[in-house]
2 protein chains.
Amino acid sequence: MLSAIMEDYLKAIYYLQGETDERVRTSTLAEHMGVEQPSVTSMVKKLAKRDFVHYEPYKGVVLTDTGIPVALEIIRHHRLLERYLTERLEYDWAEVHDEADRLEHHISNQFADRIAEQLGNPAVDPHGDPIPTADLDVSPPQSGETLADQQVGDKVRIERVPDNDPDLLRYLSEHGITPTTVVEIVETTSFGMVTLDPDGTDERVALPEEVARSITAQTLTGASN
Amino acid sequence: MLSAIMEDYLKAIYYLQGETDERVRTSTLAEHMGVEQPSVTSMVKKLAKRDFVHYEPYKGVVLTDTGIPVALEIIRHHRLLERYLTERLEYDWAEVHDEADRLEHHISNQFADRIAEQLGNPAVDPHGDPIPTADLDVSPPQSGETLADQQVGDKVRIERVPDNDPDLLRYLSEHGITPTTVVEIVETTSFGMVTLDPDGTDERVALPEEVARSITAQTLTGASN
DNA sequence: TTATAAACTTAGTCCCGTCTAATTTCGCTC
DNA sequence: GAGCGAAATTAGACGGGACTAAGTTTATAA
């Protein structure tokens, strides 16, 4: 058996190595988990002893073939819960993350399978992240392009938004920006501001480049490339 | 904040003092929690320091006015989950206990309120136990009579069955005994066996007196009293 | 009223997951 | 290739929750 904390570490490693497909450094993991570095070192040793990660001192960790499915299972739970909470229990987009983050460790796979079935085995969660299937296949990464990569005049379809910042999510939904929304890039500035025009509206929505880079989108038309 | 373990202790104390309305002894609690006595002593001291229980060494514990609502909240979560799992997620009567026992500590009150609403604020769980309301009112204890208190020839309506023995629950449901079922007592023996005839059927269902005493029932007709 | 068994508590240990402080290693620059 | 700052690890401690072994207290019975 695996503690909820250990599952959280594995999930974090999965996300962090996913971005780079490289070894995850102790410091990165510490920051992501909100703990100090020595805590990470000691946990990582435990995970290595149980063969969930490859650990090389001073070099970082990577998930093993044993660790990956554990992380994917948790991610499946999380994303199914987010979907279920919004779709069946009237939770708001912005509220689901914390509840899902706790429950993901405590629901059985049976529970996950049942809610998946009720929802018709959805492919993505409310933020556009792909939901691993019951046998832990996960959709290929989306386009990889973000709102920050676009040029003025491009029209793009929003693919996914980060799920862990309630304020941002509230802001986005208030301005009609959700996965599948189509937006046009109306302005980018040298000082890091991206301005959008959601679909047919006249409204202008401005986002810091930092945020724009965390929102992935699929190019539909325009001058990019 | 309160750990899941502490919540479990408070819940256990609630159940145990409920049966006797007296101080709960260390040994009783130890057996119920599946731990050794010293573990109970040390936990009980922590709970007392935080004012969830009154603790008098060598005398036992009672919940305080601070402790009671905590226990009731957990019980509300548990029973709502049992109901939700059977009614909305196709869980079997016999399967729900363990899942509910884990999740009860991790769902928010918001989650509980939402599933209560979805279910139409049910008064009882699938085993017939009353579900505390959102403001933690709990229905008065039922008749208090059990199947073991009946006389041959009595007809009774099953009120509640214990929720924590899957084998027993499977056996009961296979033989058509669930809360609200009407049964007739057809035989009681000096060596502790009670035989029932569920409703109009001809089937005989035998139960050890020990088990009969754990099933409460409301007398409809007959010679008892 | 005292002896004794059962119940309870205290003492001390262990593992988990965290921390701070101190040390070691890495990797880069000169 | 020597020195230096950043990153990582080791050392040691702590609170949570459990355990075993060793004392106390209580209650019961003679």
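Just so it is clear, the values below take in all heavy atoms, side chains as well, and ignore hydrogens, waters and symmetry mates. All values derive from a computational prediction rather than experimental measurement. Here is the naming used below: chain letters follow the sequence lines, and residue numbers restart at 1 for every chain.
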| task | Quick one: sort the A/W93 and A/H127 rings into parallel, tilted or perpendicular, breaks at 30° and 60°. | result |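 Judged by the thresholds at 30° and 60°, the geometry between A/W93 and A/H127 is parallel.
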
| request: Would you please classify the geometry between the B/Y91 ring and the A/F111 ring as parallel, tilted or perpendicular, with 30° and 60° separating the classes? | output: tilted

| Mapping A/M33 and A/K59 to their closest nucleotides on DNA chain C, which lands nearer the 5' end? |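 That would be A/M33.
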
Please report, rounded to the nearest Å, how far the [atom2] atom of [N] is from the [atom1] atom of [X].
X     : N      : atom1 : atom2 : result
A/E56 : C/dC26 : CD    : C1'   : 13 Å
B/I5  : D/dG17 : CD1   : C1'   : 7 Å
A/Y9  : C/dC16 : OH    : P     : 14 Å
B/R50 : D/dG17 : CZ    : P     : 9 Å
B/L2  : D/dG16 : CG    : C1'   : 13 Å
A/R23 : C/dC26 : CZ    : P     : 12 Å
B/M6  : D/dG17 : CE    : C1'   : 9 Å
B/L29 : C/dT9  : CG    : P     : 11 Å

Looking only at the side chain of [X] (C-beta and beyond, no hydrogens), which of the listed nucleotides [options] gets closest?
X     : options                : result
A/V35 : D/dC19, D/dA18, C/dC19 : C/dC19
B/Q37 : D/dT9, C/dT10, C/dA7   : C/dA7
B/Y58 : C/dG17, D/dT26, C/dA21 : D/dT26

Does [X] have a side-chain nitrogen or oxygen under 4.0 Å from the phosphate oxygens OP1 or OP2 of [N]?
X     : N      : value
A/Y55 : D/dA8  : no
B/R25 : C/dA7  : no
B/S27 : C/dC8  : yes
B/S39 : D/dA18 : no
A/K45 : D/dT10 : yes
A/S3  : C/dG17 : yes
A/T26 : D/dT9  : yes

| said: Is a donor from one side chain sitting under 3.5 angstrom from an acceptor on the other, for A/D129 and A/H78? | reply: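 A/D129 vs A/H78: no donor-acceptor pair found between side chains.
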
| query | Which part of the nucleic acid does B/P57 contact within heavy-atom distance under 4.0 Å: base, sugar-phosphate only, or nothing? | reply | sugar-phosphate

| query | In a check of side chain to side chain contact (heavy atoms under 4.5 Å, CB included) between B/E187 and each of B/V194, B/L196, B/T195, which one passes? | reply | B/T195

| query | Can you tell if the side chain of A/H105 reaches within under 4.5 Å of the side chain of A/D8, non-hydrogen atoms only? | reply |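 A/H105 vs A/D8: side chains touch.
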
